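This is a predicted model, so every value here is computed, not measured. Chain A is the first sequence line, chain B the second, and so forth, proteins listed ahead of strands; every chain is numbered from 1.
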There are 2 protein chains.
Amino acid sequence: MSKCEQCIVREFSSLKALGKDELLKMAECKTSMQVKKGEIIFEEGENVNGVFCIKDGVCKMTKLSQNGKDQIVKLVKKGELLGQRSMISDEPANLSAVALEDMQVCFIPKNEIMGFFNQNNNFSMNVMKTICGDLKEADDILVGLAQKTVRERLAYTLLYLEETFGINPDKSLKLQLSREEIAGMIGTATESCIRLLSELKKENAIELIGKKIIIIDRNKLLRIAN
Amino acid sequence: MSKCEQCIVREFSSLKALGKDELLKMAECKTSMQVKKGEIIFEEGENVNGVFCIKDGVCKMTKLSQNGKDQIVKLVKKGELLGQRSMISDEPANLSAVALEDMQVCFIPKNEIMGFFNQNNNFSMNVMKTICGDLKEADDILVGLAQKTVRERLAYTLLYLEETFGINPDKSLKLQLSREEIAGMIGTATESCIRLLSELKKENAIELIGKKIIIIDRNKLLRIAN
DNA sequence: ATTATAATATGATAATTGTCATATAAATTT
DNA sequence: AAATTTATATGACAATTATCATATTATAAT
């Protein structure tokens, strides 16, 4: 069992407020696990009973809509916690979490985390701020979905992916999503997404090499996204 | 200055966790105010420096998008608090709050509320649960915007308005929104909203009497909304 | 390596939604 | 009460987006 004290990732999450003794306690009750690309961490409707701390990798938070399509609500990466909302509301998960890359995550059971809430005010405050950040983000995405065209949202999403997850040495977006997943982020049909990507390619804003996407003209995308 | 202790509305918000002494302290530093229909309580980008407790009335939380349209993100009614997110994140407001009816609100300054966070764990937990509820709601609306048609969203919104704010003796929706505001909730052009309302009327799902909307066939709307 | 399967791409077309113009009705102002 | 402004309504049309069909390419399985 690895030590939470020495885990660098902890520094990036709400857990940074925890003291040495708390970290030692946590290390004892946590469960480390490997999650392979495509595997489900938890599903919508499931009782999670704790939070997952992402040590490495990226996952998508999705919700299945009546038309059978998965909407991606949020991408979560290394250093962030999963399942906080569900735990605090004491409700089943509202979203599913699915690995987009091979991941390393630690599960910390609910009663452990809830204990920290009572003992450690900084920790509560950190969690609260994170959730407030998520709420702001969700509101902003909501407005974008309501008021922007698919093309605008696509341009914005490409820039977001570059900024948030970076690029490879060949300049392609590091986080490789399928066309279907990109469509699920911007809220459109897969074919529309593919078509608009082709258009952006024709307009020399991006380059498409197989699954890889390379942003050539950042300013053009910015202009399209508004 | 009215007493917070005797304010019934308090019972419906996070503030119900506060004890007598805390309520007395709060009553001393709060500011009561009347807000007329159409007036702005606070605006996007503004520093709020406290929370508003809604004693009576309903307001809309909106965000202006680049195309100049106001998207309504949420409706807030009697018993709820405004400006919590902004206060906790220590950021300017992300949304504007505008009265949809004549309102009575109390302003409680930031330092007072922040004190309660440290002293009273139940209060923190209540606030956290409220924000978690808001986040879930925002995620659900987001998925609806991404995956449902305007017609489906309109049907859903009419049912939501009935359920949340009730109906008048003549069966019309109690909360009277303009067509523009309804359009701002479902994320569409005002003309599209008007046209689809007319369609629903032709299909005998609703009745339109001036600004008033009466739901005739609830099941039909439910079927449309999915 | 070959086959099977899934992902990407594109055309054709239909459906949805937005925009602009204009009419009518309602609310406000003078 | 008349005039002005604003909100609602509807037609005509354009733009956007979804759907279905069908290639083509990439990936996985045998």
Does NZ or CZ of A:K77 come closer than 6.0 Å to the centre of the six-membered ring of A:F165, within 45° of the ring's axis? yes
A:N204: which residues meet the side chain to side chain contact (heavy atoms under 4.5 Å, CB included) condition with it, sequence neighbours left out? none
Residues B:N94 and A:D139: side-chain donor-acceptor under 3.5 angstrom: no
Nearest-Å distance, CG (A:N67) to P (D:dC20)? 12 Å
Are B:K63 and A:D140 within salt-bridge range, i.e. N to O under 4.0 Å? yes
Tell me, which pairs form a side chain to side chain donor-acceptor pair (under 3.5 Å) where one or both residues lie in residues 156-166 of chain B, sequence neighbours left out? B:E162-B:R218
N/O donor-acceptor pair under 3.5 Å between B:N67 side chain and B:K69 backbone: yes
Rounded (10°) bend between the five-pair end axes of the helix from C:dA1-D:dT30 to C:dT30-D:dA1: 50°
Of residues 166-177 of chain A, the positions that come close to DNA chain C - non-hydrogen atoms, cut-off under 4.0 Å: none
Provide, to the nearest angstrom, the distance between the NZ atom belonging to B:K148 and the P atom belonging to D:dA18. 16 Å
Check this for me: does any side-chain nitrogen of one of B:K110 and B:D90 sit under 4.0 Å from a carboxylate oxygen of the other? yes
Salt bridge or not between A:E203 and A:R151? Use side-chain N to carboxylate O under 4.0 Å. yes
Which of residues 188-221 of chain A sit near DNA chain D, with a heavy atom under 4.0 Å from it? A:T188, A:A189, A:E191, A:S192, A:R195
Atom-to-atom span, CZ of B:R179 to C1' of D:dT10 - whole angstrom: 13 Å
Does the pair A:K212/A:E207 count as a salt bridge with the N-to-O cut at 4.0 Å? no
The complete set of salt bridge (charged side-chain N to carboxylate O under 4.0 Å, His left out) pairs with one or both residues in residues 171-189 of chain A, sequence neighbours excluded, reads A:K60-A:E181
Could you check how far CZ of B:R151 sits from C1' of D:dA18, rounded to whole Å? 17 Å
